[in-house]
Amino acid sequence: MTRPTLKRLFRAAACFLALASCSAQDATEIEIEAATIASRSEVRFPATMRAIGVKEGKVSLALSIDEQGELVDAFVVESSRRAFADSALKSIETWTFEPALYNGQPFPSTVRVDLEFELDKKLRWQTFQAPTETNITQTAQIEQPITARSIEELDAIPLPLQIVEPSDELEGEVTVEFYIDELGDVRCPNIVGGTNLDFSRVVLDSVAQWRFQPPVSKGHRTNALVRQTFQHREGKLATVEAD
């Protein structure tokens with residue numbers, strides 16, 4: 001098998017960010033049944049927010065669920081206050097899940113959970129199969145919300161620092177969506193389209209090990225959501241550009 005050079009893969013990785021806003025309709029159609037929440041505990045309204053007179057808040061989380069239904073990563077997509085995010089993350093540690101099914105077989109996936117807090121009222125929540133919006137940002141200031149940003153607001157395209165190539169010679173096409181967090185680590189990678197179950201799993205495992213320069217917006221570290229389609233044909237791995 002002919003291996004693509006690291007330089008070529010660096011160029012391919014840059015294409016990820018240029019195509020981050022690609023529509024989900026561009027992905028190859030496959031049968032994916034989303035992971036579901038089997039049981040959950042109540043998420044508490046933060047006492048610190050009650051004490052300072054805050055009466056409502058919201059949190060959106062991306063949850064990475066493996067083939068056994070185990071939670072392997074929880075990522076804050078948006079939050080009106082850090083305290084609401086902390087409360088949600090603490091509660092979710094006790095939740096249980098049923099894994100996603102990819103063409104009838106258990107498969108790792110990412111679901112998004114949106115939570116709405118109101119003082120002295122029952123928590124409202126909703127789930128989605130995969131991350132939505134194009135980007136997210138996360139500040140270090142406890143008083144500031146975690147809010148969404150567009151890819152165009154990044155100061156520069158983050159360069160890849162580590163790329164792990166798929167080690168299998170399987171052929172196919174797969175579309176992967178993942179977050180790059182404030183440290184440049186890949187978080188909650190998710191398959192949103194593909195033609196081959198085994199190839200999709202190999203690419204998912206490889207992308208999970210990639211690292212980038214931290215995304216930056218207006219001089220501050222941020223997080224970015226990326227979507228890219230890969231093809232592996234005749235021993236060559238390549239990205240697929242949008243039409």
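Quantities reported herein were computed from a predicted structural model and do not represent experimental measurements.
Under the side-chain contact (heavy atoms from CB on, under 4.5 Å) criterion, Arg44 pairs with Ser87, not counting sequence neighbours. For the side-chain hydrogen bond (donor to acceptor under 3.5 Å, both in side chains) test, residues two or more places apart in sequence or in another chain that qualify with Ser41 are Ser91, Thr94. With sequence neighbours left out, Ala74 forms a side-chain contact (heavy atoms from CB on, under 4.5 Å) with Leu63, Leu89. A search for salt bridge (Lys or Arg N to Asp or Glu O under 4.0 Å) contacts involving Asp185 returns Arg211, not counting sequence neighbours. The side-chain hydrogen bond (donor to acceptor under 3.5 Å, both in side chains) check on Gln231 picks up Glu173, with sequence neighbours excluded. Residues that satisfy the side-chain contact (heavy atoms from CB on, under 4.5 Å) test with Ala38, not counting sequence neighbours, are Thr96, Glu98. Residues forming a ring pair (Phe, Tyr, Trp, His ring centres under 6.0 Å) with Phe97 (at least two apart in sequence, or on another chain): none. With sequence neighbours left out, Val72 forms a side-chain contact (heavy atoms from CB on, under 4.5 Å) with Ser64, Asp66.
Separating the CG atom in Leu115 from the NZ atom in Lys58 is a distance of 11.5 Å, to the nearest 0.5 Å.
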| How far apart are the C-alpha atoms of Phe212 and Val186, what are their side-chain angles, what is the distance that settles it, and do they pass the side chain to side chain contact (heavy atoms under 4.5 Å, CB included) test? | CA-CA 8 Å; Phe212 293 81; Val186 169; 4.1 Å; yes
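The salt bridge (Lys or Arg N to Asp or Glu O under 4.0 Å) contacts involving residues 187-203 comprise Glu67-Arg201, Asp73-Arg187, Asp181-Arg187, where partners must be two or more places apart or lie in separate chains.
Looking only at atom types and distance, the side chain of Ser60 has a donor-acceptor partner in the side chain of Asp114 under 3.5 Å away.
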